[in-house]
Amino acid sequence: MQTPWQTLIRHALLFDGTDNTPRHEDVAIANGRIAARGPRLDPARAQRVIDATGQWLMPGLLDIHTHLDLEVELAPGLPESVRHGTTTVVVGNCSLGTAFGSQRHNGEDPILDCFTRVENIPKSVLRKVVDRIDWSSTAGYLEHLARLPLGPNVVPLLPHSMLRIEVMGTAAAVSREPTPEELARMAALLEEAMRQGYAGFSTDAIPFHYLANAPHTDKRIPAQHATLAELRTLLEVVRGHDRVWQCTPDAANRVATFLRFFLTSGRLFGRPLRTSALTAVDLTHERRTWRLFPLIAGLLNSPLVNGRFHFQVLATPFRMFAEGAICPIFEEFASSRQLMACDIEDAEARRRSMATDAFGHLFVREWHDSRVVSTFNRDLDALHVERCPVPEWQGETFGAIYRRLREFQSGRGDAARSVAEAEALVSFPTPVGREGAFLLHLVRRYDRDLRWWFTVANDRPEILERLLFHPHLLPGFNDSGAHLINLAFFDGNLLTLQMAQRRSLERVAHAVQRLTREPAEFFGIDAGRIDPGAQADIVLVNPDALRTYDTDANRRMVYRDIFEHEQLVNRSDGVVSAVFIAGEQVWDGREFGPALGVRKLGRPLTARVS
């Protein structure tokens, strides 16, 4: 007697993740795995039959750059990822994570110290996670993940900052080099994690990543204090296991970053090092920079260098939101860095810092100093108001408000369109002076009541498409789970599919490959397939809904009970019409299935041990 199938999906257009031409096939699921695939499978064998006529069927999508290490402890179903078709996530990025547990020793609280400012997550949210942690080793973390009722599969990287803290403690890790014995201990712990199946090792060099706890708020996170010799020692362990190095650039020292990328070289070091770097972007204030990323990656992957390297790419305009000065960009200025060192909920501490003349003078000077390294466009016409106490300003640019203020201060009282706007304009110093002084007054007066946004990069679709589909670059810099009120790119993978859809079904097939099998093979994990025997992590996409989906119109600020805090999210409901993890339907296009976050579906995905 033939084994019955739990589910049969019929008449879908199947994209199998191999870049093959899509074709209409049926897919049968039994015992959490793909049981059969092919045309006209027998519906009599299935307990449930889904008619997927007009739908696209594909492997579950991978999100290769997330900071969901914390959310997975509070909501292991990871619903904000699942609703967009994500069935596998990579955690432990940018040198941060929970692989060594809470690491609370000698009064130090490293997870709060590292995550609060780097990922702009309130300490109140972080404490909810850290207080629950009951493991203290890399093996214990994998065992813990295996016990959780995971929705998506979780792929762990070993984070460099936390490794340094584990061996040296936080204070030493940001103030001195390791002793030879400490470096050997770091290498041994990394070796142990690689043997346990961690998919790789993450480091960080972004110069705006600072600690949040006194007395180290003027110090960058521990990974940034490593010498090149330390990095080479540790990466030799990663190279020896053919695992992934996830790294970030130092925007303040681009030459050093470029040279460091040569650590991927098999020509120089005997064996290529798989390297996944942040991030190929088309910056709005540096219009030619995007051309460098394909050139650099192409050189590193050439026979001359023999590397295995890609830059990650965000598949949408990089829109960032701020509330007053609560925004990652304000770590770029020494003045506003004082504000970012305050907890997000501590408005009084920010007011005290901003009130001084010294702060004001420094802020204005830095805003106009082109030598201050900046990753965004400081043009006031590029900064847009979303919400503020003056209704007329909502939807306007700072530039338009600044010009109206200048008119008002020149004697044109009718420049104010309401009593509220007149009161606001009167509050500015007369004359307002430079643009930096104008912005300073806004931040001082309104703090988080002023919510505004700007586009850092990727605002030219034709350039973004070239980056997304370049063979030496890879879609996936979604940053899911980070910056609760500043960013929301959970739907990034869908936007890659949408861009491909505008070209052809062949381009969609290539996009599916780039979001499933290609990253799975790069990270050495068992995912991204829809072959018989594979775990049934699969997604149905409605191509008509995808075609008309507008990410900007479907971004929402929602209150999440798990955090007791608001979070910026995306709502693509109806675009993904079904998500299955381990054969269980967990999303139907509008609602989550009852098993999500309750039953163990996903699993910790470790790299294939050679």
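Quick caveat, the model's predicted, so the values are computed rather than measured.
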- [ ] Kindly say whether the aromatic ring centers of F522 and H310 come within a distance under 6.0 Å.
- [x] yes
Task: Candidate list N493, N478, T86, test side-chain hydrogen bond (donor to acceptor under 3.5 Å, both in side chains), partner D63, passing option - done: N478
Task: Residue pairs passing the ring pair (Phe, Tyr, Trp, His ring centres under 6.0 Å) test where at least one lies in residues 37-73, sequence neighbours excluded - done: F15-W56, H65-H67, H65-F477
Open item on the list: Less than 4.5 Å apart, side chain to side chain, heavy atoms only: is that true for I485 and R448?
Closed with: yes
Task: Sequence-distant partners of H483, side chain to side chain contact (heavy atoms under 4.5 Å, CB included), two or more places apart - done: E119, N120, P328, D479, N486, L487
Open item on the list: Strictly distance-based, threshold 3.5 Å: is any side-chain N or O of S95 a donor or acceptor partner for the main-chain N or O of T203?
Closed with: no
Task: Results of ring-ring contact (aromatic ring centres under 6.0 Å, His included) for F592 - residues two or more places apart only - done: W587
- [ ] Could you name each residue pair satisfying salt bridge (charged side-chain N to carboxylate O under 4.0 Å, His left out) that touches residues 527-543, not counting sequence neighbours?
- [x] R37-D531, R517-D531, D526-R529, R529-D531, D537-R603
Task: Aromatic ring pairing F293/F311, orientation class (parallel under 30°, perpendicular over 60°, tilted between) - done: perpendicular
Task: Electrostatic pair R555-E386, nearest N-O below 4.0 angstrom - done: no
TODO: Could you tell me whether E25 and R10 make a salt bridge, using a distance below 4.0 angstrom between a side-chain N and a carboxylate O?
DONE: no
TODO: Could you verify whether a donor N or O on one side chain and an acceptor N or O on the other, from S572 and N570, lie under 3.5 Å apart?
DONE: no
- [ ] Kindly say whether the aromatic ring centers of F309 and H472 come within a distance under 6.0 Å.
- [x] no
TODO: Give a yes-or-no answer on whether the side chains of T606 and Q196 include a donor-acceptor pair shorter than 3.5 Å.
DONE: no
N/O donor to acceptor pairs below 3.5 angstrom from side-chain atoms of residues 143-152, sequence neighbours left out:
from, atom 1, to, atom 2, distance (Å)
H144, NE2, E73, OE1, 2.5
H144, NE2, E73, OE2, 3.2

Task: Residue pairs passing the side-chain hydrogen bond (donor to acceptor under 3.5 Å, both in side chains) test where at least one lies in residues 588-599, sequence neighbours excluded - done: E584-R599
- [ ] Could you tell me which non-hydrogen atom of R560 sits nearest to which non-hydrogen atom of E71, and how far apart they are?
- [x] NH1-OE2, 2.7 Å
